[in-house]
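Counting starts at 1 for both ligands and their atoms, in listed order. Residues take their numbers from the sequence shown, with the count starting at 1.
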Amino acid sequence: MSTPHSPKDSLIIFDTTLRDGEQSPGASMTREEKLRIARQLERMRVDVIEAGFAAASNGDFESVRSIAEAVKESTVCSLARANENDIRRAGEAIRPAARGRIHTFIATSPIHMEKKLRMTPDQVVEQAVKSVGWAREYTDDVEFSAEDAGRSELDFLCRIFEAVIKAGARTINVPDTVGYNVPEQYAGTLRKVMERVPGADKVIWSVHCHNDLGLAVSNSLAAVMAGARQVECTINGLGERAGNASLEEIVMAVRTRADIFPVETRIDTTQIVPASRLVSQITGYPVQPNKAIVGANAFAHESGIHQDGVLKHRETYEIMRAEDVGWGANKLVLGKHSGRNAFRARLQELGIAVETEEQLNAAFARFKELADKKHEIFDEDLHALMSDEAVTPEVEHYRLVASRFHSETGETPQAELTLTIGGRESRSQAQGSGPVDAAFKAIEAVAASGSELLLYSVNAITTGTDAQGEVTVRLAKDGRVVNGQGADTDIIVASAKAYLNALNKLSGNAEKLNPQL
Ligand code: KIV
Ligand code: ZN
């Protein structure tokens, strides 16, 4: 037990934004997007990055492998169901990593074993043990998860945990897969398994909580008080259904209440807001203004009494400093007189990889175009600029070449677009209830995608009326849901780009398995 004077235990931060986070509807990301997030997670000093689920598709395999090649400071992990094929794919994908982990899982609750797996408890234990053995052929760093542990029987959990520890698992994860637990109960489960399982002191106990009842962070923190030393979490709390425990809330709770928690993390907290913005931009999931730590209002004081108090003494109403989590760090980085080298250097600092000189030239040309319209270019503008650029030409089936919009009081708004579709130029025009509606109809007139528009949202990337508008368009077709993004100082152009970006994603082959099914 830690005392106020004893050194604190390390709390391992395991980020699963790129795996569980990607399971949020429409949040699937390209390999380049995942690499950019992985680099930001590494910069933030996340201990373990769950880079994906290598066996889900070739695209997922390549993403995990690229991250394993690129990331040097964090452990890179792939998820794998408890079967030989999944584990071998995960093992191959993490092979280039400086430190690689395989995370294998099988369900342990009666309802999952009987209705989903159709396996007996004995078969589940046998499969789990075999799987840890296959994983150990690739790495010593093997994590085992008992899926739906939150609704599993304690005796069975103890039995399977004992068996996988003997087989060589080093981290034992106790997920509340369906977000059903409450803090006292969940902490109790952790305490009991840690007391009862032989070899419990040889492994790291981990938690993975879903937020269906809004308790993911509370449950995770209660488990930390009970002895868990790894928390699985995501940036902005992204994740399957209601999401996972949010990384920024876990990290800042432990740091702000150092008087209570006997642990500390390695996280560079000044990277939290940049990470939140990057994930939001890439996935198209906006951050609600009142979201703890990373919401736009998290440090804004509205009432006069509060403002007066903060001016007199900041700590009257603030328990954390905005700058400690990276607010206000959005530096004015470049302007229209900045040269190619400054541009390249800033991209490197932001961890945005530009693979070829042609890509750099094209991005620089777009940067100059933007700098002409908008004199101050911030990091967020560069991220948006490069997320457009990240679409490689071979998957950019649809591209906006030119646009003209007409909107006048008393007239029906109209859009005229020139697009390339598969390299061939085509023109289209349409009317709509507004210029954005007209633009989407003009695109559909030639693309005829048959997709359904599920969401349209606009956000200003930075402040000021010259800010770029960032648009997210969510489209669904044949059971697939994708998010497209587009940014421009003209929000109608940004909207057309976002729609085309979503169509490009739909036309790519992003077939996926869902590990939860
Ligand atoms: O929620 C869950 O149980 C998971 C496991 C695969 C760890 O995501
Ligand atoms: Zn999960």
Side-chain angles (χ1 to χ4, degrees), residues 12-25 27-28 48-56 60 64 75 77-83 86-87 89-90 93 101-113 115-117 124 127-128 131-132 135 141-152 156-157 160-161 164 169-181 186 189-190 193 203-217 219-220 223 228 230-247 250 512-517:
I12 297 169
I13 296 295
F14 175 115
D15 180 279
T16 182
T17 307
L18 298 174
R19 198 279 297 169
D20 211 315
E22 205 203 15
Q23 288 170 216
S24 315
S28 58
V48 185
I49 299 174
E50 187 160 59
F53 175 30
D60 284 55
V64 177
T75 295
C77 168
S78 173
L79 184 70
R81 286 170 299 190
N83 67 56
D86 271 31
I87 289 167
R89 291 293 278 168
R101 172 179 295 191
I102 297 176
H103 174 194
T104 186
F105 74 99
I106 192 162
T108 52
S109 62
I111 184 171
H112 275 231
M113 289 191 288
K115 306 282 183 213
K116 182 183 82 169
L117 298 177
V124 168
Q127 192 65 16
S131 299
V132 171
D141 191 351
V142 175
E143 171 170 338
F144 173 78
S145 278
E147 191 192 12
D148 205 16
R151 293 188 299 170
S152 301
F156 185 61
L157 280 182
I160 198 165
F161 288 156
V164 293
R170 276 203 191 160
T171 302
I172 303 294
N173 188 30
V174 187
D176 182 18
T177 304
V178 292
Y180 182 68
N181 284 205
Y186 190 57
T189 304
L190 262 292
V193 290
V203 296
I204 298 286
W205 290 88
S206 167
V207 290
H208 175 114
C209 296
H210 279 270
N211 205 28
D212 300 65
L213 293 173
L215 292 171
V217 168
N219 284 340
S220 305
Q230 173 175 288
V231 173
E232 303 196 354
C233 45
T234 58
I235 304 292
N236 300 337
L238 215 62
E240 184 85 27
R241 303 182 313 280
N244 288 73
S246 107
L247 178 146
I250 299 283
K512 254 177 201 299
L513 294 176
N514 184 338
Q516 307 280 341
L517 294 179

Report the C-alpha distance between S145 and N173 in whole Å, list the side-chain angles of each, state the deciding distance to 0.1 Å, and finish with yes or no for side-chain hydrogen bond (donor to acceptor under 3.5 Å, both in side chains).
CA-CA 5 Å; S145 278; N173 188 30; 2.8 Å; yes
For the Zn ion (ligand 2), decide whether D20 has an N, O or S atom at a distance under 2.8 Å.
yes
For the Zn ion (ligand 2), which N, O or S atom of H208 is at the shortest distance?
NE2
Heavy-atom contacts with [X] under 4.0 Å: which atoms of ligand 1 show up? List them by number with element.
X	result
P175	3 (O)
E147	3 (O)
D20	8 (O)

Looking at ligand 1, is there an atom of it that comes within less than 4.0 Å of some heavy atom belonging to E240?
no
Has H103 got any heavy atom lying under 4.0 angstrom from an atom of ligand 1?
yes
From NE2 (H208) to CZ (F105), nearest 0.5 Å
9.5 Å
Once rounded to the nearest 0.5 Å, what's the spacing between atom CG of D212 and atom CG of N181?
11.0 Å
Ligand 1 and R19, any nitrogen or oxygen pair closer than 3.5 angstrom?
yes
Which residues satisfy the side-chain contact (heavy atoms from CB on, under 4.5 Å) test with S131, sequence neighbours excluded?
A82, I87, T104, Q127, W134
List in chain and number order the residues that pass side-chain hydrogen bond (donor to acceptor under 3.5 Å, both in side chains) with R170, two or more places apart in sequence or in another chain; answer none if no residue qualifies.
none
Over 12 non-hydrogen atoms of neighbours within 6.0 angstrom of CZ in F156:
yes
Electrostatic pair K116-E147, nearest N-O below 4.0 angstrom:
yes
For ligand 1, indicate whether the residue T177 contacts it via side chain, backbone, both or neither (heavy-atom separation under 4.0 Å).
both
Among H112, H208, H210, closest by heavy atom to atom 4 (C) of ligand 1 is H208
